[in-house]
Amino acid sequence: MSCTSPSKRLVAAALVTGLALTTTACSGDEAPDADASAYDSADVMAEMTDAVADAGSVRLTLGTKQSPKDLIVDTARGNEPTFRALTMGDPSTQLDVRRVDGRVYLGGELVGHQWTYIDLDDPRLTDPESDFDAGMVETLMDIDVPGDPAALGGAVTAVKDEGAEEMAGVDARHYTLTVETTEWLEELGDASMYAAMDLPASVTMDLYVDDDSRPVRLAYEVPGEPRQSAEIGFSEWGTPVEVAVPQRAKPVS
């Protein structure tokens, strides 16, 4: 059964951007100057990495400025990482992807609510020629919060404090980040999910963090290309993630 999501490319782009930048926010403890302060990027990354590492789970809402809720992912780390991902928008094209108990399950309206699964050690899990939706699943499997901070850390050239703002119902601090994407991608290697991003050599990101230095929202637009954007929401930090095993699921043939 081949069931590639029509929005897979969009979802992958949003997912990659959001997770890569989870490690680049900064603490809300510093008071900005009247003209907005600049911060040392190494300190910013360290503060964010520590804050994110303390929370074992998070809800990610991934999309673009035009379509901010393309995918919702509840993910938890630990000895047995789990996640549940739901594509949003048109219910008739919804996909439901779950990682639990050593398997990845795929179902949803798009496939007639017929569940299939594949074991984590099955090479077809990441094979684009297999009968599993390997493209989207492989991106989801690469979720690593707060992974890969070192590669991105050296690429953040400036962090600017824009002041306090409310974002998604949360009292937050707004920062802008300048990221040299060429340097960042050179540190990642071809196999990294982050290498799939198509960005200019430098891009400015808007980041909002809560009082605990955890991200609330990360967004960017490519200058001159308003439809090339990403918007990522972060919520429910530390909330337990319970992923149910679908009943009557069948193995991929």
Side-chain angles (χ1 to χ4, degrees), residues 1-22 52 55-64 67-78 80-120 122 124-128 130-148 168 192-194 196-197 215 217-218 230-247 249 252:
M1 174 181 61
S2 180
C3 43
T4 302
S5 167
S7 61
K8 180 167 64 180
R9 181 185 180 90
L10 179 65
V11 166
L15 181 63
V16 166
T17 306
L19 294 176
L21 290 164
T22 301
V52 172
S57 61
V58 65
R59 167 168 286 186
L60 304 172
T61 304
L62 310 169
T64 66
S67 181
K69 294 184 179 180
D70 286 324
L71 181 70
I72 293 179
V73 185
D74 291 308
T75 179
R77 304 190 306 276
E80 180 62 40
T82 61
F83 68 72
R84 184 185 184 188
L86 282 171
T87 58
M88 309 303 289
D90 186 348
S92 66
T93 63
Q94 186 179 67
L95 278 176
D96 187 338
V97 186
R98 306 180 188 184
R99 174 180 175 173
V100 61
D101 291 349
R103 291 173 174 170
V104 175
Y105 294 83
L106 182 64
E109 182 70 28
L110 184 62
V111 291
H113 295 287
Q114 296 181 14
W115 286 91
T116 57
Y117 68 82
I118 196 166
D119 292 329
L120 290 175
D122 192 317
R124 295 176 296 174
L125 183 63
T126 56
D127 181 0
S130 76
D131 288 334
F132 208 70
D133 194 335
M136 180 180 180
V137 170
E138 185 173 12
T139 302
L140 293 168
M141 290 291 293
D142 278 336
I143 291 177
D144 184 8
V145 183
D148 293 326
S192 170
M193 69 174 182
Y194 307 122
M197 290 303 300
R217 179 170 295 178
L218 185 286
E231 184 172 304
I232 303 91
F234 305 81
S235 62
E236 302 188 27
W237 287 100
T239 300
V241 174
E242 297 182 3
V243 180
V245 174
Q247 297 183 0
V252 174

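Along the sequence shown, residues carry numbers from 1.
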R103/D101 salt bridge by N-O under 4.0 Å criterion
no
Around atom CD of E80, are there more than 12 heavy atoms of other residues, nucleotides or ligands at under 6.0 Å?
yes
Distance (rounded to the nearest 0.5 Å) between S57 OG and D74 CG
8.5 Å
In the structure I gave you, are the side-chain heavy atoms of L60 and I72 within less than 4.5 Å of one another anywhere?
no
From D122 atom CG to Y117 atom OH, the distance as rounded to the nearest 0.5 Å
10.5 Å
I232 vs R217, side chain to side chain contact (heavy atoms under 4.5 Å, CB included): CA-CA, chis, key distance, verdict
CA-CA 6 Å; I232 303 91; R217 179 170 295 178; over 6 Å; no
Under the rule for ring-ring contact (aromatic ring centres under 6.0 Å, His included), what residues qualify as partners of F83, not counting sequence neighbours?
none
Any idea which heavy atoms bring V58 and S235 closest together, and the distance?
CG2-O, 3.5 Å
Between T61 and K69, does the side chain to side chain contact (heavy atoms under 4.5 Å, CB included) criterion hold? Intermediate values first, please.
CA-CA 6 Å; T61 304; K69 294 184 179 180; 3.7 Å; yes
Relative to the ring of Y105, is the ring of W115 parallel (under 30°), tilted (30 to 60°) or perpendicular (over 60°)?
perpendicular
When you compare the side chain of T75 with that of V241, does any pair of heavy atoms fall below 4.5 Å?
no
Between P68 and E231 the two heavy atoms that sit nearest each other are CB-OE2, 3.4 Å
Side-chain heavy-atom pair R59, T239 within 4.5 angstrom cut-off:
no
What salt bridge (charged side-chain N to carboxylate O under 4.0 Å, His left out) pairs are there with at least one residue in residues 84-93, not counting sequence neighbours?
R84-D96
Check the pair L86, L95 against side chain to side chain contact (heavy atoms under 4.5 Å, CB included), reporting the backbone distance first and the verdict last.
CA-CA 6 Å; L86 282 171; L95 278 176; over 6 Å; no
To the closest 0.5 Å, what do you measure between OG1 (T93) and CD (E109)?
9.0 Å
If I take atom CZ from residue R77 and atom OG1 from residue T82, how far apart are they, to the nearest 0.5 angstrom?
11.0 Å
Closest non-hydrogen atoms of F234 and P215, given as atom of the first, atom of the second and distance, are CB-O, 3.0 Å
Determine, stepwise, if the pair D70 / M88 fulfils side chain to side chain contact (heavy atoms under 4.5 Å, CB included).
CA-CA 5 Å; D70 286 324; M88 309 303 289; 5.9 Å; no
Could you pull out the closest heavy-atom pair between V243 and R99, with the gap in Å?
CG1-O, 4.2 Å
What's the spacing between L71 CG and Q94 CD if we round to 0.5 Å?
10.5 Å
